[in-house]
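Below, read A as the first sequence line, B as the second, and so on, with proteins coming before strands; counting in each chain starts at 1. We use all heavy atoms of the structure for the numbers below, so side chains are in, but hydrogens, waters and symmetry mates are not. Everything numeric in this text was worked out from a predicted model, so none of it was measured.
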Number of protein chains: 2
Amino acid sequence: MARQPTSGERPTVKDVAASSGVSATTVSRVLAGNYPVSAETRARVMKAVRELDYVINAQARALGGGGTKTVAFIVHDLVGPAFAYVGQGVEQQATAEGRLCLVCTSHGDPDRELEIVELMREQQAEAVVLVGGGSGNRSYVDRLTQAARALDKSGSRLVLCGRPPLGTDAPATVVEYDNEGGAYAMTSYLISLGHRDIAFLGAGEAGHSTVDGRLRGFERAHEAHHLPMTSHRTSAVTFDRESGYQATRELLARDRKFTAIFAATDVVASGVLVALREAGLRVPEDVSLVGYDDIPLARDLTPELTTVHVDYEELGRTAVRHALNRERHALSQHTMIGTHVIIRDSAGPPPSP
Amino acid sequence: MARQPTSGERPTVKDVAASSGVSATTVSRVLAGNYPVSAETRARVMKAVRELDYVINAQARALGGGGTKTVAFIVHDLVGPAFAYVGQGVEQQATAEGRLCLVCTSHGDPDRELEIVELMREQQAEAVVLVGGGSGNRSYVDRLTQAARALDKSGSRLVLCGRPPLGTDAPATVVEYDNEGGAYAMTSYLISLGHRDIAFLGAGEAGHSTVDGRLRGFERAHEAHHLPMTSHRTSAVTFDRESGYQATRELLARDRKFTAIFAATDVVASGVLVALREAGLRVPEDVSLVGYDDIPLARDLTPELTTVHVDYEELGRTAVRHALNRERHALSQHTMIGTHVIIRDSAGPPPSP
DNA sequence: TTGTAGGCGTTATCAC
DNA sequence: GTGATAACGCCTACAA
């Protein structure tokens, strides 16, 4: 008589085997489909599978061999629009390559981030994608390098997505986008419109790779055009709307000479816009405003925001693709994704004096 | 001599045991910390753990007993703001309860959704959270009910987050928010402002639980105030900005009597706003506009959008909390989260005739 | 306090 | 084509 699994218990290959009168090995072969099995046997097994509503145990499979078919991505939080798009890309590519996706949020805490990497090593994730700019702090970079080596040793791969490489001796895959180039192009655009006094509102602490790159592009453009620079960094540590609002108010209180504002992100720009409007300043007639990221919000602002486009979804896809299909023994990989200016309505010529 | 694991291989408890001169069991006990071990032994073991850079194998642990400590959430996509917030809540609560989070996207495809539920059963996820409104299609509901039973049998739990229960005999946890109540309150608000001809722009096919609920609230408010209703549903199947834009253009082409528009979502409202502005209509002077969801976008529109607030993050948290800490043998659970009107600047009295 | 034996569900290996 | 058997790495009895 076919063995009936205890009700309320999950059936196993053994149950299927018993129920279809074959060995567990044969059941495994039918399911894997990578080994010759007679058509008749296959049919019997499949019937039992359906009747028992059997599904394989992924943990057991991973243990026996085969690996976990899992990719992890670690992100500050899921609600930042840019993060969400990267996540979307990661999930998409992971699914396309037959992998499942683990998500974790670090809320920007480096210690938590390293903890999570450790957790992912326990989980045997095939790739660990770290999303978002990170700190350049020395001890942090060292610990991350060590984590990269540990992952490498267990056949996994650390991927840095949207931040610079750790060093050439760290086994990691890096997929960046061109913060500096985009900021350079945007600044040049403003200069070409006639602006000579541009305020850069870069929220966040120094040493943060993303803002640093953008600021560098801003500076380089000034140098290239032989222009003095009036950069205005704020002490805010977040990239949110509120910090853009506050920074603009402070700026307006102490300096009204600038004719354009370059906000470090679109979200910051949305806060800037509110402050400008409250001060009775029109955009772009009185002051031009540009952002960075080109998230959907950019088109919802009034006026629609001129900004730098970054293909975040592609960033995520590339990260997974490279991590999973890299050349054997290629120690480090590095890809740079281009960015470009999207001209909308928030920037124009400076007001005539 | 202590056994050195082959370089490039992951160390196991055995390696740690050999390296510290104790048995594998003792290592396990030290790591679990739930069993008395002499201080000296513990120290030796921990030292070996550090030296070998050992981490436990989560798959093996799950297999031996203990379970996977994993929660899955399935969502249309990660970039919709509402979805992102629910995901944030799910991840947050999962982490708080010591679980890891698997994400999958279904892109609104019911078949894919059921496939994913199956995958999660293989993964032994402790809870499977289905996020977002779903179709009321009979065969779909039946298959989902069957999936719920299958999950229940393996000790897991299906959670419906933001959609109505499958039926009282399905072992599932449901966490909804009050679509009908919020729409009722908002419609009443518009009526109290003096509006008598309100267009409801509900993108999406009939049978979609979220829109249906909102439309029901819209209708009930009209009934309660003894007002005839002029509902306008569009044929668009998406909830995006574009569908709001198109729907509004069609609406304007055939009917200009309405004095207010109730958009099914904030994102739809953003498209409506563009179309209105293009037509030279001022908001709220010429026509009032309200939305639903209260995503950050609502505050970035000009004028800031009057809308219905939904605490999506709490929705996600509640989903996980209930799934993990339910009473034993409670077949079905049902929670409703409240919604409320947020008054901003996009709705006012109708223009005097 | 510590060690030994067996099992979790699957797949790889080796026989038949 | 099919079936036993031994891993995989951990944990929970049961002994000592």
Check: Distance only, no hydrogens: is a donor on one side chain within 3.5 Å (strictly under) of an acceptor on the other, for A:Q146 and B:D53?
Finding: no
Notebook entry, point to check: According to a strict under-4.0 Å criterion, is B:T26 in side-chain N/O contact with OP1 or OP2 of C:dT1?
Noted result: no
Notebook entry, point to check: For residues B:S28 and B:T25, is any side-chain donor paired with an opposing acceptor at under 3.5 Å?
Noted result: no
Notebook entry, point to check: Taking only residues at least two apart or on different chains, which pairs with a member in residues 30-80 of chain A satisfy ring-ring contact (aromatic ring centres under 6.0 Å, His included)?
Noted result: A:H76-A:F83
Notebook entry, point to check: Can A:S209 and A:R163 be counted as having a side-chain donor-acceptor contact under 3.5 angstrom?
Noted result: no
Notebook entry, point to check: Between D:dG1 and A:T41, is there an OP1 or OP2 to side-chain N/O distance shorter than 4.0 Å?
Noted result: no
Checklist line | Interatomic distance, B:E122 atom CD to A:Q59 atom CD [nearest 0.5 angstrom] | finding: 10.0 Å
Checklist line | Under 4.0 Å protein heavy-atom contacts per nucleotide of nucleotides 6-16 of chain C, with B for base, S for backbone only and - for none | finding: --BBSBBB---
Note to self: With a 4.0 Å cut-off on N to O distance, would you call A:E314 and A:R321 a salt bridge?
What the structure shows: yes
Checklist line | Euclidean distance, atom CG of residue B:D15 to atom C1' of D:dC8 [Å, nearest integer] | finding: 13 Å
Notebook entry, point to check: Judged by modelled atom types alone, do B:T173 and B:R157 share a side-chain donor-acceptor pair under 3.5 Å?
Noted result: yes
Next item on the list: Compute the angle between the rotation axes at the two ends of the helix from C:dT1-D:dA16 to C:dC16-D:dG1, each taken over five pairs, rounded to 10 degrees.
Entry: 40°
Next item on the list: Looking only at non-hydrogen atoms, find the nearest pair between A:M46 and A:L31 and report the distance.
Entry: SD-CD1, 4.3 Å
